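Order of the sequence lines sets the chain letters (A, B, ...), proteins ahead of strands, with each chain counted from 1. Remember, it's a predicted structure, so these values are computed and weren't measured experimentally.
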There are 2 protein chains.
Amino acid sequence: MPGGRRKQRVSMADVAKLAGVSSQTVSRVANGQSGVVESTRELVLAAMRELGYRPNSAARSLRYGRFNTLGVILFGLSTTGNSRTVEAIATQAAAEGYAITLIPVGVPTQDNVLGAFTRMGELAVDGVIVIIEVHLLDAATVALPPGVHVVVVDSDAGDRYPVVDTDQADGARQAVRHLLGLGHPTVWHIAGPAESFSAERRAQAWRTVLEEAGRPVPAIGRGDWSAESGYRAGLALPDECSAVFVANDQMALGVLRALHERGRRVPADVSVVGFDDIAEASSFLPPLTTVHQDFAEVGRRCVQALLAQIGAGPAAPGTDLVPTHLVVRGSTTGYRSVG
Amino acid sequence: MPGGRRKQRVSMADVAKLAGVSSQTVSRVANGQSGVVESTRELVLAAMRELGYRPNSAARSLRYGRFNTLGVILFGLSTTGNSRTVEAIATQAAAEGYAITLIPVGVPTQDNVLGAFTRMGELAVDGVIVIIEVHLLDAATVALPPGVHVVVVDSDAGDRYPVVDTDQADGARQAVRHLLGLGHPTVWHIAGPAESFSAERRAQAWRTVLEEAGRPVPAIGRGDWSAESGYRAGLALPDECSAVFVANDQMALGVLRALHERGRRVPADVSVVGFDDIAEASSFLPPLTTVHQDFAEVGRRCVQALLAQIGAGPAAPGTDLVPTHLVVRGSTTGYRSVG
DNA sequence: ATGGGAAATGTTTACGCAAACATGTGGGCG
DNA sequence: CGCCCACATGTTTGCGTAAACATTTCCCAT
C-alpha cells in the first residue's frame, strides 16, 4: 500500500541523484539562475516532477536569514475594520512575496498582550504589524523584542513607532460639520469604548468642533461598538436631540432601531451619521450617512512601511494618516424645530 | 551610532560563549529540559537576557521537520462567515501551539486557486485548511501537492478530503418549516450565487421541504450575498409573497429595505428569515429571525481534524457537520391572507 | 594542434538547532 | 579505600539550502 506511510520529504539531494547531477545544479534550476545548459535543466525539472520536489522553506529561511513572512498581532477579526484591514494586509503582502501569520490575542489583558509579543519574538516573521486599539499597548511596547520591525495601526504610539491610521479626527469633524451645516443647533455623540483610541479620537474631534462653533456640548453616550449597545444608547437619547453622530455603523444601526421604537422618524425628526461605511450601511432604514474609511489603503500602507523598514533599517516614528470622506445618504436632513 | 546598523541575530553559540558553557547546554535551558543544574541554568538565562537571545524558528523547523504552522487558503475575509471562522481557527491553533498563515486568493479564478495551491506547497506549513466555497475547488484539488494534510470547509469535497461544515441543509429546513408552520401557503427563496456550495445546499433544502409538503415552489431569487443584491431581489418579489427565506442576513437586510419601500410591512404582510445570525441581526428593523451558525465550532473542528491528521497520518474523507438552530425574532409571524 | 578562457558543473561550507553519543565529576556503598 | 553509577556537561553530526570556491569541459583563436 504505497503512501500508507508518508515518505520523507524530497530534498534537493534526492532530485540530484535521480537526475545524475549535483545538488547545487538542482538549486540553480530551482532558483532560475543562469549557467545551466538547457538539456541539464530539462533533466532536473523532469526529476523534480517525478519526485514531487518542493523546496523546504525552513532550510531556505535558515540560509537567507529571512522568512518572507509578516506577523499580524490583533485581538479579533470580529470588528469590520480589523478583518478588512487584515485582508488588505494579506493581499498586499502576497503581492510583495510575503505571507502573513496571524497572532491572535484572546482577551485584551496586558498579560496576554505581553505573551503574544513574547511568542512573536520566536515566530518566523521578519516584521510585525500590531493592530491593537486599546491603551494596553502602552505598557506592552516595552516587551517588544528589540530589533523587531514594527508598524502599528490605530494607536497613539506615534512617538515610538511608525503608525498608520485612518484620519479619525478629520472624519469625525466632517460628520459633525455636516450636521451643523444642516442647521442643527448641536450634535449628540455616541462614542465607542473609552479604552479605544479611535473612539477617543472621534469623540475628541466631535467635542472640538462643537466648542469651536460655540455650541453646547451634550452629555456623551457610550457603547461597545455593537449594535445592541447602540440600541441602548439610542434609547437613552433625550427627546430634544435632533442630530446624533454615532462612532460606528453597527451602533448606528442600533440607534436607528431605538429611534424607530420611540416613534422618532429618521431623518425627519433626528439625523444620524455613522462611521466606517460598512457595506450594509446603504441598506439600513434609512440608508446611513456615514464616514467612509479606506481600510484597504491602511493595510497597503502598513505593508509598505514595514517592508521599507525591513529593507532599509528602522524607520522614524510618526503617523501616516489615510484620509476619510463623508458619504451622505438618507439618514440626515435639515433641522426643523421640534413642535 | 549604535543600532544604526542592525547587528546579527544572537545565536545559541553567542549565549554559550558569554555564559561559558556549551551551546548544547543553552539548548537544554531554552527547551526547559532537565539535567541542568540550577546555577548553570541561571547563568545561561542571564546571558540570554543580556544578549536578547531569541530562538531561530527556521533552524528549529529544519531540525524537527515541522513548522508548527497551519495554512489557511481563502478568497477573502469580507464575508462574515469567513472572518469568524478564521478567527476561531487562529484561536484554536494558538491554543494548540500552532500559528496560522493566511494565503489569500485574490479573484476566484481557477488560475489563482491553482497558484495559491502551488505557492502553498512551498510555504512553511504542516497542513492546510481550505475555505473556498465555490466550485473552482473541484478542478484545483488535483494541484494539491501530495502528502499535504488538508481539511476543507464548506464544499462538497467530502469524497476526497475531510470536510467540516455547518449543517446548511438542516438550517434551511428549519427555516422553511418554521414559516410553513406559521401557516404560510409557501415560501419564496432568495439564494446566494450559484457557484456557492452553501447557497446551493440551502436552496436545495428549501426546495425539498416545499416539495415534501406538497407546496408550490416559487421562482427562486438570486443575490451575491450583499445587502444591495438582497435589496434588488426584494424589489423583484411578487405581491403575493407572504414569506421569504433569504440565504444570508446581509441580503435579508436588503430585502427588509425593499419591502419597506414597497410599503409591505414585516412581519405583518411578509415574514422574513435570514441565515447566519450575524451580531447585527437582532438590531434590524424588525429584529431578524434567522438560522444561527456556530462559526467558532467550525473553526475548532477544522483545527482538531487537521492536527489529528498531522499526528496520525492521512484521514479518511468525510463530512463533519456542525448543527445549526433557528433563532426566532420579530421578522416572522403567522399567515394572514392578503386583502 | 594547442593554449586560453568562458561556461557548465561539482565540492565544500555554514546557517542555528538539538538528538545522539562521549566525557567528566562527584557521591554512595561495599 | 576504591569502584561504579548517576548525573551534569561537552562534542559531533545532520537537517536542506545556496554562496563561495574548485574543477571540468569544450570551443575558438592562433
Find the distance B/N56:CG to C/dA18:C1' and express it as a whole number of Å.
-> 13 Å

Heavy atoms under 4.0 Å, any strand shown: does B/T40 hit a base, just sugar-phosphate, or nothing?
-> sugar-phosphate

Between P of C/dT9 and CE of A/M12, the distance in whole Å | 16 Å

Counting side-chain heavy atoms from C-beta on, which of C/dT9, C/dG16, D/dA18 comes nearest to A/V37?
-> C/dT9

Ignoring the backbone of B/L62, work out which of D/dG16, C/dG10, D/dT17 is nearest its side chain.
-> D/dG16

Proximity to the side chain of B/S27 - top-ranked nucleotide from C/dA18, D/dT9, C/dC17 | C/dA18

Spacing of A/Q24 atom CD relative to C/dA14 atom P, expressed in whole Å | 15 Å

Base, sugar-phosphate, or nothing: which does B/Q33 touch, judged by heavy atoms less than 4.0 Å apart?
-> sugar-phosphate

Name the closest nucleotide to the A/N31 side chain, picking from D/dT9, D/dA18, C/dA19.
-> D/dA18

Is a donor-acceptor contact shorter than 3.5 angstrom present between the side chain of B/R28 and the base of D/dG10?
-> yes

Where do A/R60 and A/P55 come nearest, in terms of heavy atoms and distance?
-> NH2-CB, 3.7 Å

Using modelled atom types only, decide if a donor and an acceptor are shared between the side chain of B/S27 and the backbone of B/S23 within a distance under 3.5 Å.
-> no

Just how far, in rounded Å, is C1' of D/dT17 from NZ of A/K17?
-> 18 Å

Whole-Å gap separating P (C/dA18) and CZ (B/R66) = 12 Å

Please work out if A/V21 contacts a base, only the sugar-phosphate, or nothing of the nucleic acid, heavy-atom cut-off 4.0 Å.
-> sugar-phosphate

Phosphate contact (D/dG10 OP1 or OP2) by B/T25 side-chain N/O below 4.0 Å = yes

Residue-phosphate contact under 4.0 Å: A/Y53 side-chain N/O, D/dG16 OP1/OP2 = no

For the side chain of A/R60, starting at C-beta, report the closest nucleotide among D/dA18, D/dC15, D/dG10.
-> D/dA18

B/R41 vs B/R63, nearer the 5' end of DNA chain D by closest nucleotide | B/R41

Looking only at atom types and distance, does a side-chain atom of B/S61 sit under 3.5 Å from a main-chain N or O of B/R66, one as donor and one as acceptor?
-> yes

In whole Å, what is the span from the CG atom of B/D14 to the P atom of C/dC15?
-> 10 Å

For the pair made of CZ in B/R54 and P in C/dC17, what is the distance, rounded to whole Å?
-> 11 Å

Whole-Å distance separating the CG atom of B/L51 from the P atom of C/dG16 = 14 Å

Assign A/S11 to base, sugar-phosphate, or nothing according to its heavy-atom contacts below 4.0 angstrom with the strands shown.
-> sugar-phosphate

Heavy atoms of B/N68 and B/D126 approach each other most closely as N-OD2, 2.6 Å

Heavy-atom nearest pair, A/I89 first then A/G299, reads CG1-CA, 3.6 Å

Partner of A/R301 under salt bridge (Lys or Arg N to Asp or Glu O under 4.0 Å), chosen from A/D320, A/D294, A/D165 | A/D320

